[in-house]
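Let me begin by presenting the structure, written as structure tokens, before commenting on it.
Just so it is clear: chains get the letters A, B, ... in the order the sequence lines come, proteins before strands, and each one is counted from 1. Any value given below was found using the heavy atoms of this structure, including those in side chains, with hydrogens, waters and symmetry copies removed.
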Protein chains: 2
Amino acid sequence: MRLLVVEDTAALAGQLRQGLSESGFAVDMALDGEEAQHLGDTEPYDAVVLDLGLPRVDGLTVLRRWRAAGRAMPVLILTARDSWTEKVEGLNAGADDYLAKPFAMAELVARLNALIRRANGVSKPELVFGEVRLDTATRSVSRAGAHVRLTALEYGLFAYLALHAGRPVSKTELTEHLYSQDFDRDSNTLEVIVARLRRKLGDGLIETVRGQGYRLQPASA
Amino acid sequence: MRLLVVEDTAALAGQLRQGLSESGFAVDMALDGEEAQHLGDTEPYDAVVLDLGLPRVDGLTVLRRWRAAGRAMPVLILTARDSWTEKVEGLNAGADDYLAKPFAMAELVARLNALIRRANGVSKPELVFGEVRLDTATRSVSRAGAHVRLTALEYGLFAYLALHAGRPVSKTELTEHLYSQDFDRDSNTLEVIVARLRRKLGDGLIETVRGQGYRLQPASA
DNA sequence: TGGCTTTCTGAACCCGTGCTGAGTGGGAGG
DNA sequence: CCTCCCACTCAGCACGGGTTCAGAAAGCCA
């Protein structure tokens, strides 16, 4: 899952980048509103973490413009400790959730995961595909009851497919959401990862649609 | 489904071609208004993606001329970020939908699919023919509840027949809409594909009208 | 009915895409 | 500094799918 983090104070920005990367997100940073605006318009993020009170263009303005232009990605705003108004204004401007500073990284991660899930029309944190079970809350995968160890990328790829089960997902789309910024085009890393996933989770789960990408059959309840 | 994409800036043109091809469209490109005009007048497109603000002949002019000449194919215009006027003028000139740049490829694909569907008088994204079910949103086909794997051409052919169910569709029409640019005329690929479709989806679904083409019985609710 | 055209379908071909095993490099942790 | 693990590259191979071809079947018309 790929995130845009908009935060101007260097210290917090660093913490966010590290913490979120460790939690398996691909993270792009924006230091001011202008940059944020641009990135949010051009790159396909799964969610945005937006600190209000930025230099140049205000965070709320950025958010309003996104929504006006029809960008629907979930946005979580970071508000000052007890600024009641900030929070209300933010939600009115189209934010999907908020978190008061200071906060625990674990909490942020949990909320982001929930946001991304809901944004893709999945209400429960657990998805089942045959004998394979994906728990987005704990980032764990099991097969026939037994826990399966997945690497960061393996999990990321599988989770993305799971959230978009039923439709074929192209490789370019996958790279866009698994990696931050650009990435070497002609490379077969994804195929390698898919191969490993198939070995770990069983053949027949991830279907390849030639020329179009990969597809997971929709969850069976 | 065959598209005409009119876009002058190389970068965006490349993205569009790739993204739309990946999504299963046959794509023709036009780099300026003149070329666009000509192609739109001579080739039978299922939809057009038109960037306003082209060199030579302006996009709006092209669109107006098409409409004046009675070309009815759906046209989606790409407008600059917040150019309110562009959008309004475009719609007045006969555009069917618009998208502000920059945009997400998924959104464009979704809108094009919807446009094409509606242009053919089909309102729902799902079509049912007996025990066969076609979901244009996920590009998936099922028979008696079970998912059926179709190749790109098989799906394209079936989807086109489905959108024009009830009337016989000639082979030349099919090739024109399945392939971009020219294609070797005397070849029986279509017949082969139809045969494969019949095996996968069951006989009696695709009816051949001798000398005229193929026909699908209209959807049964 | 006979001859002609159109369509069907199995088999074979060939190219491109995707798969996979082995090997390299680099970063994190001990 | 060493080790381990993960991401990545590469190259060879397998396979799928679009195409072609040929013979069989089905219509159509005289």
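Applying the salt bridge (charged side-chain N to carboxylate O under 4.0 Å, His left out) test to residues at least two apart or on different chains, the pairs with a partner in residues 145-161 of chain B are A:E207-B:R149, B:E154-B:K200. Sorted by first and then second residue, the ring-ring contact (aromatic ring centres under 6.0 Å, His included) pairs involving residues 8-53 of chain A (not counting sequence neighbours) form an empty list.
Remark: B:S187 is not in phosphate contact with D:dT19, judged by side-chain N or O atoms under 4.0 Å from OP1 or OP2. OP1 or OP2 of C:dT6 has not a single side-chain nitrogen or oxygen of B:Y214 nearer than 4.0 Å.
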Per-nt protein contacts along nucleotides 20-30 of chain C (heavy atom under 4.0 Å; B base, S backbone sugar-phosphate only, - none) come out as BS---------

List the protein contact pattern of nucleotides 23-30 of chain D with one symbol per nucleotide (5' to 3'): B for base contact, S for sugar-phosphate-only contact, - for none; contact means a heavy-atom distance under 4.0 Å. ---BBS--

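Side-chain atoms of B:D96 never come within 3.5 Å of backbone atoms of B:L76 as a donor-acceptor pair (strictly under, hydrogens ignored).
The side chain to side chain contact (heavy atoms under 4.5 Å, CB included) check on A:Q212 picks up A:P168, A:V209, B:R139, with sequence neighbours excluded. Applying the salt bridge (charged side-chain N to carboxylate O under 4.0 Å, His left out) test to B:R198 and every residue at least two apart in sequence or in another chain returns nothing. Under the ring pair (Phe, Tyr, Trp, His ring centres under 6.0 Å) criterion, A:Y214 pairs with no residue at all, not counting sequence neighbours. Residues that satisfy the side chain to side chain contact (heavy atoms under 4.5 Å, CB included) test with A:A152, not counting sequence neighbours, are absent from this structure. With sequence neighbours excluded, no residue forms a ring pair (Phe, Tyr, Trp, His ring centres under 6.0 Å) with B:F103. Annotation: salt bridge (charged side-chain N to carboxylate O under 4.0 Å, His left out) contacts of B:D97 (sequence neighbours excluded): B:R111.
In summary, A:D41 and B:K101 do not engage in a salt bridge, as defined by a charged side-chain N under 4.0 Å from a carboxylate O.
In this structure, CG of A:L197 is placed 13 Å from P of D:dC6, rounded to the nearest angstrom. Distance, B:I193 CD1 to D:dT19 C1': 9 Å, rounded to whole Å. One atom, CD of A:Q212, and another, P of D:dG16, lie 17 Å apart when rounded to the nearest Å. Rounded to a whole Å, the CD atom of A:E207 is 12 Å from the P atom of C:dC19. For the pair A:K200 NZ and D:dC5 P, the interatomic distance rounds to 12 Å; values are reported in whole Å.
A side-chain donor from one of A:T172 and B:E22 sits under 3.5 Å from a side-chain acceptor of the other. Defined by atom type and a distance below 3.5 Å, a donor-acceptor pair is missing between the side-chain atoms of B:R133 and B:S142. Checking B:E7 against B:T9 by side-chain atom types alone, a donor-acceptor pair falls below 3.5 Å.
Annotation: proximity of residues 150-161 of chain B to DNA chain D (heavy atom, distance under 4.0 Å) is found for B:T151, B:A152, B:L153, numbered in ascending order.
End-to-end axis angle of the helix from C:dT1-D:dA30 to C:dG30-D:dC1, from C1' rotation axes over five pairs per end: 30° (rounded to 10 degrees).
Residue A:K171 has its side chain nearest to C:dG18 when only C:dG18, D:dT19, C:dC19 are considered.
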